[in-house]
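This is the structure, below, for whatever I ask next.
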Amino acid sequence: EAGVAQSPRYKIIEKRQSVAFWCNPISGHATLYWYQQILGQGPKLLIQFQNNGVVDDSQLPKDRFSAERLKGVDSTLKIQPAKLEDSAVYLCASSLDGHLNTGELFFGEGSRLTVL
Amino acid sequence: GNSVTQMEGPVTLSEEAFLTINCTYTATGYPSLFWYVQYPGEGLQLLLKATKADDKGSNKGFEATYRKETTSFHLEKGSVQVSDSAVYFCALSQGAQKLVFGQGTRLTINP
């Protein structure tokens, strides 16, 4: 079974530029998550989708970050304009049912962003 | 809000040593508790979980017991191997709410 696919693996940009990350979840997984992991910290949820609807985006900096999940499958996360503090690894994860008490999240390898 | 605190790292041990990585949590009610592991060059993956008090999660020789009285979920392994070198994350969730992670503990096992 193919895992969660993310691209690009690495991206270096200058502040105020824009960047986009792509995620393809495991086939059949209804719930998709984007996490931000800053060096030395645990992952922090940015946004959660159930199919193509947003369940939780309370920690997404909406003035610069946006995300969409068209057709309830692939998802893109965009940052525009980027700031130095956006340097982090962006993790995509998916789960079958979104109920964390019983299920589990499957993570991609992440996209590492460096903002200069 | 909910939070997870892990012991400070990094942790370095010799092969076959006993491992404990401490994890305590703050939450209302009865969260589910998880340990995730990130091996070098790979994505986070679930190691073990416990969904109610006194449950013991186990996998690959690792164990953790859900202790509500001490709000803890410490990870243990009796004899570690070089292949256990990774970053370990304790996490919790309640209902369908988001997974909240600790800051991670880097473990290095020397042969």
Side-chain angles (χ1 to χ4, degrees), chain A residues 1-7 9-10 21 23-26 29-51 53-60 88-112, chain B residues 1-11 21-27 29-53 55 57 59 66 73 75 86-106:
Chain A
E1 179 183 81
V4 176
Q6 291 188 247
S7 67
R9 288 294 309 279
Y10 305 93
F21 301 110
C23 173
N24 188 335
I26 292 173
H29 281 196
T31 308
L32 185 146
Y33 312 78
W34 283 102
Y35 280 82
Q36 180 192 57
Q37 186 178 10
I38 294 173
L39 186 64
Q41 299 181 19
K44 181 186 80 172
L45 181 70
L46 292 175
I47 190 167
Q48 175 183 344
F49 292 94
Q50 181 77 16
N51 295 308
V54 175
V55 174
D56 183 350
D57 64 355
S58 57
Q59 297 194 84
L60 186 74
V89 177
Y90 291 86
L91 301 171
C92 180
S94 68
S95 69
L96 188 59
D97 57 8
H99 295 294
L100 296 175
N101 276 1
T102 57
E104 71 180 88
L105 266 59
F106 295 83
F107 284 84
E109 294 181 5
S111 295
R112 182 180 297 276
Chain B
N2 296 343
S3 66
V4 175
T5 302
Q6 291 182 232
M7 66 184 291
E8 293 287 333
V11 175
I21 300 178
N22 290 338
C23 171
T24 57
Y25 68 90
T26 301
Y30 301 90
S32 290
L33 302 174
F34 305 83
W35 277 99
Y36 275 79
V37 59
Q38 188 170 30
Y39 297 105
E42 299 184 16
L44 279 161
Q45 56 187 275
L46 180 66
L47 179 61
L48 53 85
K49 66 181 181 183
T51 58
K52 59 183 187 296
D55 265 3
N59 187 24
Y66 188 161
F73 193 54
L75 183 68
V87 182
Y88 292 81
F89 293 90
C90 186
L92 69 78
S93 74
Q94 284 191 276
Q97 294 182 23
K98 61 192 175 198
L99 202 59
V100 176
F101 286 90
Q103 74 270 33
T105 302
R106 181 176 297 278

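Every chain is numbered from 1 and lettered A, B, ... according to where its sequence line falls, protein lines coming before strand lines.
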Is B:Phe89 close to A:Pro43 at the side-chain level, that is, under 4.5 Å between some pair of heavy atoms?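 In short, these two side chains touch, coming nearer than 4.5 Å.
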
Supply the atom-to-atom distance A:Leu45 CG to B:Ser93 OG, rounded to the nearest 0.5 angstrom.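 Atom-to-atom, A:Leu45:CG and B:Ser93:OG are 12.0 Å apart.
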
Whether over 12 other heavy atoms sit under 6.0 Å from A:Arg9 CZ: yes

Rounded to the nearest 0.5 Å, what separation is found between the CG atom of A:Leu105 and the CZ atom of B:Phe34?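 Reported to 0.5 Å precision, the distance equals 8.5 Å.
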
Backbone of B:Leu99 reached by a side-chain donor or acceptor of A:Tyr33 within 3.5 Å: no

If you measure from NZ on A:Lys44 to CZ on B:Phe101, what distance do you get to the nearest 0.5 Å?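 Here the rounded value is 13.5 Å.
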
Distance in Å, B:Leu44 CG paired with A:Glu104 CD, rounded so as to fall on 0.5 Å steps: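 Answer rounded to 0.5 Å: 12.0 Å.
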
Please state whether the side chain, the backbone, both or neither of A:Gln59 comes within less than 4.5 Å of a heavy atom of chain B.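 It is the side chain, since no backbone atom gets that close.
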
Residues in side chain to side chain donor-acceptor pair (under 3.5 Å) with B:Thr24, at least two apart?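 Partners of B:Thr24 under the side chain to side chain donor-acceptor pair (under 3.5 Å) test: none.
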
Rounded to the nearest 0.5 Å, what separation is found between the CD1 atom of A:Ile38 and the CD atom of B:Gln103?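 The distance works out to 14.0 Å.
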
Among all residues two or more places apart in sequence or in another chain, which pass the side chain to side chain donor-acceptor pair (under 3.5 Å) test with B:Glu42?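 So B:Glu42 forms a side chain to side chain donor-acceptor pair (under 3.5 Å) with B:Gln45.
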
Taking C-beta and beyond as the side chain, do A:Glu109 and B:Gln38 meet within less than 4.5 Å on heavy atoms? no

